[in-house]
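Read through the structure below, which is laid out as structure tokens, and then see the notes.
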Number of protein chains: 2
Amino acid sequence: MNVTIKMIAELSDVSVGTVDRVLNKRGKVKPEVEKRVLAIAKALNYRPNSAAKSLALRNKAIKVGILSHVQPNYINHAVNEGYKGIHAAEREYADFGISLIYRYSRNFDVESQVEELDRLLQEGISALAITPINDPRISSRLDEVISTGIPVFCFINDVITQNTHYFIGIDNYKAGCVAAGLFNLLKKEPLDIAIVFPSLSLLGNAFRLKGFEETIQASYGDSLRRAAVCIATNDDITSYNTVKEMLAGHPEVNAIFFASGAAEGGMRAISESKLMGKALIVAIDPSETIRKNLLNGNIMAAINQNTREAGYRTIKVIYDYIMFGVLPQSSFIYINSEVVIKEHFLQ
Amino acid sequence: MNVTIKMIAELSDVSVGTVDRVLNKRGKVKPEVEKRVLAIAKALNYRPNSAAKSLALRNKAIKVGILSHVQPNYINHAVNEGYKGIHAAEREYADFGISLIYRYSRNFDVESQVEELDRLLQEGISALAITPINDPRISSRLDEVISTGIPVFCFINDVITQNTHYFIGIDNYKAGCVAAGLFNLLKKEPLDIAIVFPSLSLLGNAFRLKGFEETIQASYGDSLRRAAVCIATNDDITSYNTVKEMLAGHPEVNAIFFASGAAEGGMRAISESKLMGKALIVAIDPSETIRKNLLNGNIMAAINQNTREAGYRTIKVIYDYIMFGVLPQSSFIYINSEVVIKEHFLQ
DNA sequence: CTGTTAGCGCGTTCAA
DNA sequence: TTGAACGCGCTAACAG
């Protein structure tokens, strides 16, 4: 038999109303009574029944803000997958009186993200999930939010704050190590590797690069070398141009670590360079473009960020906070990031 | 505002009791009334509130049987991980009046599994999750169970039945294809591949072999060849002997697809054969032994069955059945099976 | 065959 | 500062 507030009430010789006031810190309780009730609750290892709780709270409709820096229909595989996970969790919790409020800021626009954030706060959200832009204005705003008592959960992308927030996503440093390991396993000759990243100002990319380079230095320095780093942004045209230019300047390149946001443009530049089919390419995430190129053999392997799982877990973690007031043990909740190849997508 | 039985009752001009009887098929309702209620419920797209439902059923304690063919402490990475997933889901649903009854049959003993199954049925379970042994006696017993109206969910391992049951686990055929693809990507020269499997009478292994061979034939026939298949059972001594003997008889082998249940014995045989460090080895599942050998470079990659996720999903699916009476669309619920390498386990 | 009602555990008035 | 009582949506027992 599970312990209920009624049992605690009887044992503490008070009414359930008083127990409720103590456990939910609504005050207006004599200190000695409060101590007695808390002691008994702890002794009995009381945990509220989430079914009853959500039923009682049904009319309250606790709000959770979900804010992302890309538009919902923007072609961003990682974020789109993240939302699939969020929606899946939302469906599971449909009956639990938690309503998600979705907001989108203009693509990578810091001011816009701050604006939307403020709008969410005015709606009275109890928790915030965000794919933050890594910018001091965002950081400081999030710090304010956290000090208000609203916990912040960054998913997919992370940002640095003074106050503790939570990150749900892959261990990007490790993903970089894995990429290096893959090149080592797949290589038929020493490699001069070009790195195509969407942005080093996204924290994850910086960590990824660090993991990649440190692994090469520590383990594979005799056969792998970083030949160039090029930043291809999230639009296909600049992505195309940047990669094209980089390849022109680095004829020695025979391998590419391809983590561009705008894969289509980057891959087009590669295909025009005659490296296609000869260069050893490892990518991030099986987006449509990447899948196509895995299937036709141009890309050998992709490291799956599995952002769907990240989105799903984000909502789970928030649910635990809302329901039971418990926050994660660690401020990093890492999602597994494994490797996929052509055969994963046959048929 | 969500639709409730009360709303349906008012619209149908009956009481909530009658609506409940209709929706839960308890009978004793005039056919015309039943039709009216059902129509309105459908029109309003009624879904019961799971919180209220589980609260009302709190004393009932619906039982779900979990039966596995290996002992809980037996060193079986796949099954152990499966249970971790089951426990995680169990914790999530702790407040929902579903109690899991765990039973274990003697290791791979068919009679024992039937016995334990019968014992579970006597306890009055509403659903069964099982890692079945692939044996006609199990099949026919499961068919009986299903025709009783108790749905059967096979996780990790599958079995063939006449009546429909559900499988939750990886697509083993695809895993075989992926293995072939990995050998192709990793090879430095043409490969003569030996296959070490725990048992071809486990359905999953048979599918895996099929996927492997068909992929080689279809795509990599010029550089990959299946040199030998050897069955290494779940104990380390026979595993050691079988692999040793196989290698002795096949000096041409320079690659191994290693999916042995008893990895320790098999790996020992390989290491004594002087193939270690030279042969290209791909394994299944990052069990402790496999992880160790990934780290020291003896194994290049492992295909992760991710049975933890399979266990988790199994309970989720059962919960949906218990709560909402909905069974999965397809009788195969496939879990992603991706690839891990050394760098996934550093530190 | 059908309606009424108590109660599951918790949150929230409203009185006292 | 405290207790009593109602309601969230649903099930089940009981009365008709």
Side-chain angles (χ1 to χ4, degrees), chain A residues 1-38 41 44-62 93-99 126 322-325, chain B residues 1-38 41 44-62 93-99 126 322-325:
Chain A
M1 188 59 183
N2 264 326
V3 26
T4 69
I5 52 172
K6 195 176 163 193
M7 294 169 62
I8 298 178
E10 284 166 5
L11 288 169
S12 322
D13 216 29
V14 292
S15 72
V16 290
T18 303
V19 174
D20 179 65
R21 257 158 271 159
V22 171
L23 294 179
N24 293 299
K25 295 167 191 151
R26 301 192 219 286
K28 304 183 183 180
V29 179
K30 216 187 292 179
E32 52 186 89
V33 176
E34 174 164 2
K35 257 172 49 183
R36 189 150 37 103
V37 170
L38 280 177
L44 266 53
N45 191 25
Y46 171 76
R47 280 190 92 232
N49 180 301
S50 56
K53 198 160 186 162
S54 55
L55 197 54
L57 288 173
R58 202 172 189 289
N59 27 11
K60 278 282 164 300
I62 292 162
Y93 292 138
D95 295 334
F96 290 82
I98 295 179
S99 69
S126 307
I322 304 274
M323 271 299 163
F324 304 111
Chain B
M1 190 55 184
N2 264 327
V3 25
T4 68
I5 52 172
K6 197 174 161 192
M7 294 168 62
I8 298 177
E10 284 165 5
L11 289 170
S12 321
D13 216 30
V14 293
S15 72
V16 290
T18 302
V19 174
D20 179 64
R21 256 159 272 160
V22 170
L23 294 178
N24 292 297
K25 296 167 190 150
R26 301 193 219 288
K28 305 183 184 181
V29 178
K30 216 189 292 179
E32 52 185 270
V33 175
E34 174 165 2
K35 256 172 52 184
R36 186 151 38 103
V37 170
L38 279 177
L44 266 53
N45 191 25
Y46 170 78
R47 280 191 90 232
N49 180 301
S50 56
K53 199 159 185 163
S54 55
L55 198 54
L57 289 173
R58 201 171 190 289
N59 27 12
K60 279 283 164 299
I62 293 161
Y93 292 138
D95 294 334
F96 290 82
I98 294 178
S99 68
S126 308
I322 303 275
M323 271 301 165
F324 304 111

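So that the names make sense, note that chain A is the first sequence line, chain B the second, and so on, each numbered from 1. Computation of the quantities below employed the complete heavy-atom set of this structure, encompassing side-chain atoms and omitting hydrogens, waters and symmetry-equivalent molecules.
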Of the listed nucleotides (C:dG11, C:dT5, D:dC10), which one gets closest to any side-chain atom of A:Asn24? C:dG11
B:Val33 has a side chain; which of C:dT2, C:dG9, D:dC10 sits nearest to it? C:dT2
Only counting residues at least two apart or in another chain, list the ones meeting side chain to side chain donor-acceptor pair (under 3.5 Å) with B:Asn24. B:Asp20
Find the distance A:Arg26:CZ to D:dG3:C1' and express it as a whole number of Å. 15 Å
How would you list, by chain and number, every residue that makes a side-chain contact (heavy atoms from CB on, under 4.5 Å) with B:Val16, sequence neighbours excluded? B:Ile5, B:Lys6, B:Ala9
Taking only side-chain nitrogens and oxygens of A:Thr18, does any of them come within less than 4.0 Å of OP1 or OP2 of D:dG3? yes
Taking CG from A:Asp20 and P from D:dA4, how many angstroms apart are they, rounded to a whole number? 15 Å
Is the distance from OP1 or OP2 of C:dT4 to the nearest side-chain N or O of B:Ser15 less than 4.0 Å? no
Any residue meeting side-chain contact (heavy atoms from CB on, under 4.5 Å) with A:Ser99, in chain and number order, not counting sequence neighbours: A:Lys63
Which nucleotide, C:dT4, C:dG11, C:dG9, lies nearest any side-chain atom of A:Lys53? C:dG11
Considering all heavy atoms, the nearest B:Phe96-A:Ala51 contact: CE2-CB, 4.1 Å
Nearest listed nucleotide, side chain of A:Leu55, among C:dG3, D:dC8, C:dT12: D:dC8
Could you list, one pair per line, each protein nitrogen or oxygen that sits under 3.5 Å from a nitrogen or oxygen of nucleotides 13-16 of chain C, together with the distance?
none

How would you label the contact of A:Asp95 with the nucleic acid (heavy atoms, under 4.0 Å): base, sugar-phosphate, or nothing? nothing
Of all the heavy-atom pairs spanning A:Val29 and A:Glu34, show the shortest one and how long it is. CG1-N, 3.9 Å
Who are the side-chain contact (heavy atoms from CB on, under 4.5 Å) partners of A:Ile62, not counting sequence neighbours? A:Leu57, A:Ser126, A:Ile322
Nearest to the side chain of B:Ala56, heavy atoms from C-beta on, is which of C:dG7, C:dT12, C:dG3? C:dG7
What nucleic acid atoms does A:Asn49 come within less than 4.0 Å of, heavy atoms only: base, sugar-phosphate, or nothing? sugar-phosphate
Could you grab the distance from atom OG1 of A:Thr4 to atom CD of A:Glu10, nearest 0.5 Å is fine? 7.5 Å
Measuring to OP1 and OP2 of C:dG9, would you say a side-chain N or O of A:Asn2 lies under 4.0 angstrom away? no
End axis versus end axis in the helix from C:dC1-D:dG16 to C:dA16-D:dT1, the angle rounded to 10°, five pairs used at each terminus: 50°
Which whole-number value in Å describes the distance from B:Arg47 CZ to D:dG9 P? 16 Å
Are the side chains of B:Arg36 and B:Val22 in contact, using a 4.5 Å heavy-atom criterion? no
Which part of the nucleic acid, if any, lies within contact of A:Leu57, taking any heavy atom under 4.0 Å across all strands shown: a base, the sugar-phosphate backbone alone, or nothing? sugar-phosphate
Closest to the A:Thr4 side chain, choosing from D:dG3, C:dC10, D:dA12: C:dC10
Any residue meeting side-chain contact (heavy atoms from CB on, under 4.5 Å) with A:Lys35, in chain and number order, not counting sequence neighbours: none
Below 4.0 angstrom from OP1 or OP2 of C:dG9, is there any side-chain N or O of B:Arg58? yes
In whole angstroms, how far is the C1' atom of D:dC14 from the NZ atom of B:Lys28? 12 Å
note: B:Leu44, atom CG; D:dG9, atom P; distance rounded to Å ~ 14 Å
Any side chain to side chain donor-acceptor pair (under 3.5 Å) pairs touching residues 46-57 of chain A, not counting sequence neighbours? A:Ser50-B:Asp95
A:Lys6 has an atom NZ; how far is it from atom P of C:dG11, in whole Å? 16 Å
Starting at atom CD1 of A:Ile5, determine the distance to atom C1' of D:dG3, rounded to an integer number of angstrom. 13 Å
Taking the side chain as every heavy atom from C-beta outward, state whether A:Val19 and A:Val14 have any pair of such atoms under 4.5 Å apart. yes
How would you label the contact of B:Tyr46 with the nucleic acid (heavy atoms, under 4.0 Å): base, sugar-phosphate, or nothing? sugar-phosphate
Starting the side chain at C-beta, find the nucleotide from D:dA5, C:dC1, D:dT11 nearest to B:Lys30. C:dC1
Taking for each residue the nucleotide of DNA chain D bearing the nearest heavy atom, is the 5' side occupied by A:Ala52 or by A:Val29? A:Val29
Within this structure, what is the CD1-to-C1' distance between A:Ile62 and D:dC8, rounded to whole angstrom? 14 Å
